[in-house]
Amino acid sequence: MSALFVCYPKCSTCQKASAWLCDHGVEYRERDIKLENPTAEELAAWHKLSGLPLRRFFNTSGMLYREMGLKDKLPDMDEAAQYALLATDGMLVKRPLLVTEDRVLVGFRPKEWETLL
């Protein structure tokens with residue numbers, strides 16, 4: 001299987017996920033979320049594939065999320081506005097993201113990754 005691994009290379013969780021992928025023989029292409037932020041269209045497609053609520057795509061522990069007061073603003077935003085907001089800055093997006101042909105994994109949970117991959 002070949003996958004797209006969207007990450008922030010300085011993030012320790014992303015580093016652990018990368019090591020896990022290597023240990024499990026998963027081939028992937030790495031994309032630095034800070035240098036090449038996902039587009040609103042990519043995020044919409046990935047959200048659909050993930051089967052997760054859109055809020056799971058937000059990096060709720062990030063400084064930018066807190067500075068912008070998004071906890072209170074997101075409930076009043078429609079999906080299109082949320083995709084557009086996520087597309088403005090990679091630091092708003094939960095990472096890592098692992099994108100395959102038929103699924104998207106958001107965040108790194110080794111047991112979930114083992115089950116789904």
Side-chain angles (χ1 to χ4, degrees):
M1 169 178 54
S2 182
L4 172 63
F5 181 63
V6 183
C7 66
Y8 180 53
K10 294 179 182 178
C11 166
S12 62
T13 302
C14 292
Q15 292 168 1
K16 289 175 190 170
S18 177
W20 187 95
L21 291 169
C22 290
D23 291 346
H24 288 78
V26 178
E27 292 182 25
Y28 65 91
R29 180 175 60 86
E30 185 173 303
R31 177 168 152 187
D32 185 331
I33 200 164
K34 189 93 167 130
L35 300 177
E36 191 181 348
N37 194 46
T39 65
E41 293 76 19
E42 286 176 317
L43 290 159
W46 296 346
H47 172 228
K48 184 177 178 181
L49 267 179
S50 75
L52 297 170
L54 183 52
R55 63 179 157 65
R56 288 275 308 273
F57 279 76
F58 281 87
N59 180 11
T60 57
S61 61
M63 275 193 326
L64 188 56
Y65 179 90
R66 291 191 304 262
E67 287 171 2
M68 294 176 75
L70 293 179
K71 178 182 177 189
D72 299 322
K73 294 177 183 175
L74 287 181
D76 296 327
M77 295 174 73
D78 64 20
E79 281 190 353
Q82 290 183 49
Y83 294 137
L85 178 61
L86 283 167
T88 64
D89 192 312
M91 294 292 101
L92 287 173
V93 180
K94 177 78 173 175
R95 53 194 186 269
L97 294 169
L98 187 67
V99 182
T100 68
E101 282 185 25
D102 61 349
R103 71 177 37 117
V104 175
L105 302 177
V106 181
F108 179 56
R109 293 178 188 82
K111 289 183 193 243
E112 178 183 332
W113 284 33
E114 190 136 347
T115 301
L116 294 175
L117 297 176

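Here the structure is a predicted model, which means the values were calculated and not measured. FYI, side chains are in, hydrogens and waters are out, and symmetry mates aren't considered; it's all heavy atoms of this structure. Residue indices begin at 1 and follow the sequence shown.
The two residues Q15 and P9 come nearest to each other via the heavy atoms NE2-O, 2.9 Å. Closest non-hydrogen pair, P53 versus H47, comes out as C-NE2, 3.9 Å. The two residues A17 and P96 make their nearest non-hydrogen contact at CB-CG, 3.8 Å. The two residues I33 and P38 make their nearest non-hydrogen contact at CG1-CD, 3.7 Å. Contact between R66 and S61 at its shortest, heavy atoms only, is NH1-O, 2.6 Å. Pairing each heavy atom of C14 with each of F5, the nearest pair is O-CZ, 3.5 Å.
Using a 4.5 Å cut-off between side-chain heavy atoms of Ile, Leu, Val, Met, Phe, Trp and Tyr, with links allowed through other members, V104 and F58 fall into the same hydrophobic cluster. Taken together through direct or relayed side-chain contacts under 4.5 Å among Ile, Leu, Val, Met, Phe, Trp and Tyr, W113 and V6 form parts of separate hydrophobic clusters. W46 and L105 are members of different hydrophobic clusters when ILVMFWY side chains are connected at heavy-atom separations under 4.5 Å. V26 and V106 fall into different hydrophobic clusters, where Ile, Leu, Val, Met, Phe, Trp and Tyr residues are linked whenever their side-chain heavy atoms come under 4.5 Å apart, directly or through other members.
The CG atom of L86 sits 8.0 Å away from the CG atom of N37 when rounded to the nearest 0.5 Å. Here CE of M68 is found 6.0 Å from OG1 of T88. Values are rounded to the nearest 0.5 Å. The CZ atom of R56 lies 8.0 Å from the OG atom of S50; values are rounded to the nearest 0.5 Å. For the atom pair L74 CG and L85 CG, the distance stands at 7.0 Å (nearest 0.5 Å). Within the model, atoms NE2 of H24 and CD of E114 stand 4.0 Å from one another, a figure rounded to the nearest 0.5 Å. Taking CD of E101 as the start and CG of L49 as the end, the distance is 10.0 Å to the nearest 0.5 Å.
Within the 4.5 Å cutoff, the side chain of F108 has no heavy atoms near those of the L21 side chain. The shortest distance between side-chain heavy atoms of D32 and Y8 falls below 4.5 Å. Side-chain contact between K34 and K10 is absent, with no heavy atoms from C-beta onward closer than 4.5 Å. Looking at heavy atoms from C-beta onward, L98 lies out of side-chain contact with W20 at the 4.5 angstrom threshold.
Put simply, the side chain of R55 never gets that close to the backbone of L52: no donor and acceptor are under 3.5 Å apart. A side-chain donor-acceptor contact under 3.5 Å links R31 to the backbone of E36. Looking only at distances, a side-chain donor or acceptor of Q82 sits under 3.5 Å from a matching main-chain atom of M77. In this structure a side-chain-to-backbone donor-acceptor pair under 3.5 Å is missing from N59 to G90. At least one donor-acceptor pair closer than 3.5 Å links the side chain of T115 to the backbone N or O of K111.
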Derivation of the side-chain contact (heavy atoms from CB on, under 4.5 Å) call for V99 and E42: CA-CA 10 Å; V99 182; E42 286 176 317; over 6 Å; no
Is there a side-chain contact (heavy atoms from CB on, under 4.5 Å) between F57 and L97 once you walk through the steps? CA-CA 9 Å; F57 279 76; L97 294 169; 4.0 Å; yes
Go through the steps to decide whether K71 and Y65 satisfy the test side-chain contact (heavy atoms from CB on, under 4.5 Å), and finish with yes or no. CA-CA 8 Å; K71 178 182 177 189; Y65 179 90; 4.0 Å; yes
